[in-house]
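I have placed the structure first, in the form of structure tokens, so that the comments after it can refer back to it.
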Number of protein chains: 2
Amino acid sequence: MKNKIKTLRKQSNMTQEKLSKLCGVSRQTINCVENDKYDPTLELAFKISRALDKNVEEVFMYDKIS
Amino acid sequence: MKNKIKTLRKQSNMTQEKLSKLCGVSRQTINCVENDKYDPTLELAFKISRALDKNVEEVFMYDKIS
DNA sequence: TCATTGTGTCCAACGTTTTGGACATTTACA
DNA sequence: TGTAAATGTCCAAAACGTTGGACACAATGA
């Protein structure tokens, strides 16, 4: 699983802190998801994507391998 | 969060058991996700969607409320 | 240079997803 | 009608996402 959170977040001039508040989660959570530390919940994936004004599949790329 | 798993699964003539094996998870997991018992992992959401030959957002509907 | 902000990371705790095993109920069909 | 398949559900345990708090380091700009 790959994601474009960092890129899209910077395009929107947002910090991890700001994004985390928009999503209602902690900054560590955003940091970990952004850096592929773990798989987010589907609901969180939706929240992040919406905060970045994108569809889930525009933010997260599923690569069948692992 | 709503989903169309049951409908799409039946359109593909699949049992929960078959879908669970395609996704590499237990049948209970498919059952619970299908009946909104809990939020799946994003990776599982992708696996389910792909098994049903759909995009994530064609299978799962995020309704901002709760 | 210094101060501030943003990011990465650690930890232990907590909550939720996911599990196998088992059983009751419903559905489908001979 | 009866039989098997499919589904719903319970439990306790395991696995994993998420948390606050804290700290180090990098980046930014005055």
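Just so we're on the same page: letters track the sequence lines, and every chain starts at 1. In this text the structure is predicted, and so the values were computed from the model without any measurement.
- In this structure, CZ of Phe60(A) is placed 13 Å from P of dG17(D), rounded to the nearest angstrom.
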Annotated protein contacts, base or backbone, on nucleotides 25-30 of chain D with a non-hydrogen cut-off under 4.0 Å, one of B, S, - each: ------
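- Counting non-hydrogen atoms under 4.0 angstrom, Lys6(B) reaches the backbone sugars and phosphates but no base.
- The distance from atom NZ of Lys47(A) to atom C1' of dG17(D) is 13 Å, rounded to the nearest whole Å.
- Side-chain atoms of Asn35(A) come within 3.5 Å of backbone N or O of Asn31(A) as a donor-acceptor pair.
- Going from atom CG of Leu19(B) over to atom P of dA6(D) covers 13 Å, rounded to whole Å.
- In terms of modelled atom types and a separation under 3.5 Å, the side chain of Asp39(A) and the main chain of Thr41(B) share no donor-acceptor contact.
- Taking 4.0 angstrom as the limit, Lys10(B) places none of its side-chain polar atoms (N or O) nearer than this to OP1 or OP2 of dT7(D).
- Evaluation of atom-type donor-acceptor distances gives no pair under 3.5 Å for the side chain of Gln28(B) against the base of dG8(D).
- Rounded to an integer number of Å, the gap from CD1 of Ile30(A) to C1' of dT19(D) is 13 Å.
- Within 6.0 Å of the CG atom in Asp53(A), the count of heavy atoms belonging to other residues, nucleotides or ligands does not exceed 12.
- Of the side-chain N and O atoms in Asn31(B), none sit less than 4.0 angstrom from OP1 or OP2 of dT7(D).
- Using a cutoff of 4.0 Å between basic side-chain nitrogens and carboxylate oxygens, Glu57(A) and Arg50(B) are scored as salt-bridged.
- Look at OH on Tyr38(B): it is 13 Å from C1' on dG8(D), rounded to the nearest Å.
- Nucleotides of DNA chain C lying under 4.0 Å from heavy atoms of chain B occupy a range whose first and last members, 5' to 3', are dT17(C) to dA22(C).
- What separates CG of Asp39(B) from P of dC16(D) is a distance of 18 Å, to the nearest Å.
- To the nearest 0.5 Å, the span separating CE on Met14(A) from OG on Ser20(A) amounts to 10.5 Å.
- The main-chain N or O of Val59(A) is never found under 3.5 Å from a side-chain atom of Asn3(A) such that the two would form a donor-acceptor pair.
- Checking Arg27(B) against Thr41(B), the closest nucleotide of DNA chain C that is more toward the 5' end is the one next to Thr41(B).
- Of all the heavy atoms in Phe46(B) and Phe60(A), the pair that sits closest is CZ-O, 3.6 Å.
- Distances shown here put every side-chain N or O of Thr29(A) at or beyond 4.0 Å from the OP1 or OP2 atom of dT18(D).
- Side chain of Thr29(B) to main chain of Val25(B): no donor-acceptor pair is present (N/O by atom type, distance under 3.5 Å, no hydrogens or angles).
- Glu34(B) and Arg9(B) are joined by a salt bridge, as a carboxylate oxygen and a charged side-chain nitrogen come within less than 4.0 angstrom of each other.
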